[in-house]
Amino acid sequence: MLHIVNKSPFEKNSLESCARLSKSGSCILLIEDGVYGALVDSETNEMIQSCLRDRSVYVLGEDIQARGIQREQLVMGIEVVDYAGFVKLTVEHDKVQSWL
Amino acid sequence: MSEELQSGIVKKFLYINRRAPHGTNYAQEGLEVALIGAAFDQDVAMAYLDDGVFQLKTGQDTKTIGTKNFSATYRVLGDYDVKRVYVERESLECRGLSEGDLMPLVYEDEDNDWEEKPLIHIVSAEEMQQIIDESDVLINF
Amino acid sequence: MTLEINGQSFETDEEGYLANLSDWSAELAEAMAQQDGCDLTENHWEVVNFLREYYDEYQIAPAVRVLTKAIGKRLGKDKGNSRYLYELFPYGPAKQACKYAGLPKPTGCV
């Protein structure tokens, strides 16, 4: 299953719920303000690290660029995808859960 | 219009910005309203806390998401005579950011050969309490 | 509202400011000024071009006070004062010059 988070983890608990309720082997994609959750050295680091142990985590490149986030500022292990990659992820998974 | 306001009492306005810049349009609207307020010769200060600190992040480039890159507009705050921009240290730290991640905003001292002075003050939560408490008018975005 | 120039029409807001920044051309600026009974001289163009550069850099049309200060810095105090600028643009330097520059109405003007 593909889980999508589009809200800032510092304003809403969407990322937290997603981390708690997504199964091992699933994919997590951070888009829009959700990409702030990928910042290394932030309070969300541990949550992302635990996701990365058994799930793949992606961020949308267009959204990190808009927000001035460099690739070096992302938690190691997170992959950057572009819009085409976003589409590919949604086709590859039969189900999508959006944590609004 | 400004004569009337100039002769009146100048109030201390504090614009409190707590939202990330691109997911909603609060940030852009907040900046615009603050600039309009500043054009009326009031004492205007800006406070950035919680996700609001992301508004001042360096290197924002919105051509990828097709919206207006209003992050360039923060650099006119000094031109509009906003001389104080406060950023809460605790908000920066829990987001993995430090002062170096913020745009270096300045104002130019017209009477001192356009000398550039820094606008941004990184303050503790305790100092921010004081700043909020001392303001006459609080406007939230 | 629309503005008709040389058989072409351009979309504007209710006060005559261009709706699309990309529609702007020097000819359009001249034509808008003509409609206000104003001939654009070199001195007018200096301000109009300054505003276009300012917008390009800061994504905002400056209020008159801010414009006056910025012109003073760039072109000297003899041009960075409201008397000089109001002589060039009697309807208000920021408002009128922004219109000819194809920018939105300045932030901080009513």
Side-chain angles (χ1 to χ4, degrees), chain A residues 4-16 18 29-49 51-52 57-78 80-87 98-100, chain B residues 16-31 47-75 87-105 120 122 125 128 140-141:
Chain A
I4 300 178
V5 176
N6 76 334
K7 295 291 187 298
S8 164
F10 309 104
E11 199 184 338
K12 293 195 88 181
N13 60 358
S14 315
L15 178 62
E16 200 186 319
C18 169
L29 172 64
L30 309 178
I31 64 167
E32 300 167 19
D33 285 346
V35 303
Y36 288 123
L39 279 171
V40 75
D41 296 335
S42 78
E43 280 182 350
T44 51
N45 192 320
E46 214 171 306
M47 199 158 33
I48 293 288
Q49 293 288 1
C51 289
L52 279 167
V57 181
Y58 301 89
V59 293
L60 188 59
E62 281 82 350
D63 283 331
I64 63 166
Q65 187 176 338
R67 288 162 180 77
I69 300 171
Q70 312 293 313
R71 281 171 188 243
E72 308 83 76
Q73 291 178 296
L74 303 175
V75 175
M76 191 101 85
I78 294 182
V80 180
V81 292
D82 58 9
Y83 283 131
F86 180 177
V87 174
S98 287
W99 298 90
L100 298 175
Chain B
I16 300 180
N17 299 277
R18 298 181 46 246
R19 306 283 192 123
H22 306 295
T24 64
N25 56 9
Y26 282 97
Q28 190 181 350
E29 304 257 320
L31 178 59
Y48 293 90
L49 43 130
D50 298 333
D51 274 357
V53 301
F54 287 131
Q55 294 181 30
L56 302 178
K57 177 81 182 66
T58 51
Q60 296 175 57
D61 173 8
T62 56
K63 66 172 175 287
T64 55
I65 57 171
T67 57
K68 181 168 157 166
N69 197 13
F70 66 95
S71 77
T73 309
Y74 291 89
R75 291 187 285 127
V87 179
E88 192 206 15
R89 178 174 291 113
E90 284 79 350
S91 295
L92 282 176
E93 281 172 358
C94 79
R95 286 163 181 77
L97 301 179
S98 61
E99 190 168 5
D101 287 301
L102 305 181
M103 297 187 265
L105 304 181
I120 294 184
I122 311 285
M128 191 64 95
N140 285 273
F141 282 96

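Here is how names work: the chains are called A, B, and so on, in the same order as the sequence lines, proteins then strands, and each is numbered from 1. This one's a predicted model, so the numbers in the text were calculated from it and none came from an experiment. All values below come from the heavy atoms of this structure, side chains included, with hydrogens, waters and symmetry mates left out.
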Side-chain donor or acceptor of S42(A) paired with backbone N/O of G96(B) under 3.5 Å: no
Are the side chains of K63(B) and Q65(A) in contact, using a 4.5 Å heavy-atom criterion? yes
Measure the spacing between OG1 of T58(B) and CD of Q70(A) and express it to the nearest 0.5 Å. 7.0 Å
For D51(B) and E11(A), the nearest pair of non-hydrogen atoms, with its separation, is OD2-CB, 3.7 Å
Where does Q55(B) contact chain A at under 4.5 Å (heavy atoms): side chain, backbone, both or neither? neither
Options T62(B), D61(B), D101(B), ranked by heavy-atom pairs under 4.5 Å with chain A, top entry: D61(B)
V53(B) vs F10(A) side-chain heavy atoms within contact, under 4.5 Å: no
Does CD in Q49(A) sit with more than 12 non-hydrogen atoms of other residues, nucleotides or ligands closer than 6.0 Å? yes
Sort out for me which of I65(B), T24(B), D50(B) touches chain A most, counting heavy-atom pairs under 4.5 Å. I65(B)
Taking all non-hydrogen atoms of both residues into account, name the closest pair between R95(B) and L39(A) and its distance. O-CD1, 3.4 Å
Kindly give the heavy-atom pair with the smallest separation between D33(A) and A20(B), and that separation in Å. OD2-CB, 3.7 Å
Please name the pair of heavy atoms, one in T64(B) and one in Y83(A), separated by the smallest distance, quoted to 0.1 Å. O-OH, 3.3 Å
What part of E32(A) lies closer than 4.5 angstrom to a heavy atom of chain B: side chain, backbone, both or neither? neither
Find out whether H22(B) and R67(A) are in side-chain contact, i.e. whether some heavy atom of one side chain is under 4.5 Å from a heavy atom of the other. yes
